[in-house]
Protein chains: 2
Amino acid sequence: MTSKQVPQPERDEIRVEAVLQALGEPVRLTIVRALADAPAGISCGELELPVTASTRAHHLKILREAGVVSTHVEGTRRISTLRRDDLEALYPGLLTGVLSAKQ
Amino acid sequence: MTSKQVPQPERDEIRVEAVLQALGEPVRLTIVRALADAPAGISCGELELPVTASTRAHHLKILREAGVVSTHVEGTRRISTLRRDDLEALYPGLLTGVLSAKQ
DNA sequence: ATCGAAGTTCGACAAACGTCGTACTATGGA
DNA sequence: TCCATAGTACGACGTTTGTCGAACTTCGAT
């Protein structure tokens, strides 16, 4: 198998508190913005952030468990993508609203 | 004067991180939901929550400083309202998306 | 088979956070 | 004027959170 899924909540298991809490941290919001500009996904190592690799992995885990991102394995890489469809279905407008912030 | 404004950030001073962090706390999200159903606003004492009055006031302060709610004085009461227009202008869809969560 | 690169997990630590009780201010009514 | 009510401010306390380094796993390449 060339690609495998990392465990994540089903759409109906996603809680809005967890999503908002996940998005409310500066580093994680930066990650989400980067993912929004990279539809194909980004690996943990490609994220350019002022934190160590273990901290990046930690934040990605928070985002994944909240239901914000999806992660699949490609070789030794873990590619994360935004769960746009699920979030838009659950909270229509939320993600676009967040991403429209003029930063 | 029968009504006075409590200090709050201008629209252009509102930061999305602060808004999301404010919304990402269960008690505060409950407050926001209550305010969404009460266009005329709610006083601190009218909020029915499993926390003490000082904690309620604390959460309202967080929401006010983040730019989520507006508070004006009416006698001995402080009436808080959702800053729907400002939030919709800054992050179109965010608030409606959050409020559409099936709870 | 061994090595290196990519991520994750774990433990530790400091900072931030949510909560409470108390003290305080201010407003309106008796 | 005095008092009760509404809300805020402050200090304290325990919990959660963000961060790091080190150890570990897994995969691909040499």
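All values derive from a computational prediction rather than experimental measurement.
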State, with a plain yes or no, whether a side-chain heavy atom of A/Cys44 is found less than 4.5 Å away from one of A/Ser80.
no

Just by distance, no angles: are the side chains of A/Thr81 and A/Ser70 close enough, under 3.5 Å, to form a donor-acceptor pair?
no

Polar side-chain atom of B/Gln21 near backbone of B/Ala18 as donor-acceptor pair, under 3.5 Å
no

Rounded to whole Å, CG of A/Leu60 lies from P of D/dT19 at a distance of 12 Å

Tell me: CD of B/Gln8 to P of D/dT8, nearest whole Å?
14 Å

DNA chain C: 5'-most and 3'-most nucleotides touching chain A, 4.0 angstrom heavy-atom criterion:
C/dA6 to C/dT9

Backbone N or O of A/Pro26 within a donor-acceptor pair of the A/Thr30 side chain at under 3.5 Å?
yes

Main-chain N/O of B/Val51 paired with B/Arg56 side-chain donor or acceptor, under 3.5 Å:
yes

Count the heavy atoms belonging to other residues, nucleotides or ligands that lie under 6.0 Å from CZ of A/Arg33, then report whether that count exceeds 12.
yes

Looking at B/Val16, is its backbone amide N or carbonyl O close enough to the side chain of B/Tyr91 to form a donor-acceptor pair, meaning the two atoms are under 3.5 Å apart?
yes

DNA chain D: A/Ala53 or B/Arg56, which has the more 5' nearest nucleotide?
B/Arg56

Nucleotide by nucleotide, nucleotides 21-30 of chain D touches protein heavy atoms under 4.0 Å in the pattern (B base, S sugar-phosphate only, - none) BB----SS--

Got a donor-acceptor contact below 3.5 angstrom from the B/Glu65 side chain to the B/Ile62 backbone?
no

Just checking B/Glu48: does its CD atom have more than 12 heavy atoms from other residues, nucleotides or ligands closer to it than 6.0 angstrom?
no

Is the side chain of A/Glu25 donor-acceptor paired with the backbone N or O of A/Val27 at a distance under 3.5 Å, no angle test?
yes

Here the distance between atom C1' of D/dA9 and atom CZ of B/Arg64, to the nearest Å, is 12 Å

Atom CD of B/Glu25 and atom P of D/dT15 are separated, to the nearest Å, by 17 Å

Quick check for you: among D/dA6, D/dT19, D/dT17, whose closest atom lies nearest to any side-chain atom of A/Val27?
D/dT19

From B/Arg77, B/Arg78, B/His72, residue fulfilling side chain to side chain donor-acceptor pair (under 3.5 Å) relative to B/Glu74:
B/His72

Contacting residues from residues 29-51 of chain A, given that a heavy atom lies under 4.0 angstrom of DNA chain C
A/Ser43, A/Cys44, A/Gly45

Within this structure, what is the CG-to-P distance between B/Leu63 and D/dT8, rounded to whole angstrom?
12 Å

Give one of base, sugar-phosphate or nothing for B/His59, where a contact means two heavy atoms less than 4.0 Å apart.
sugar-phosphate

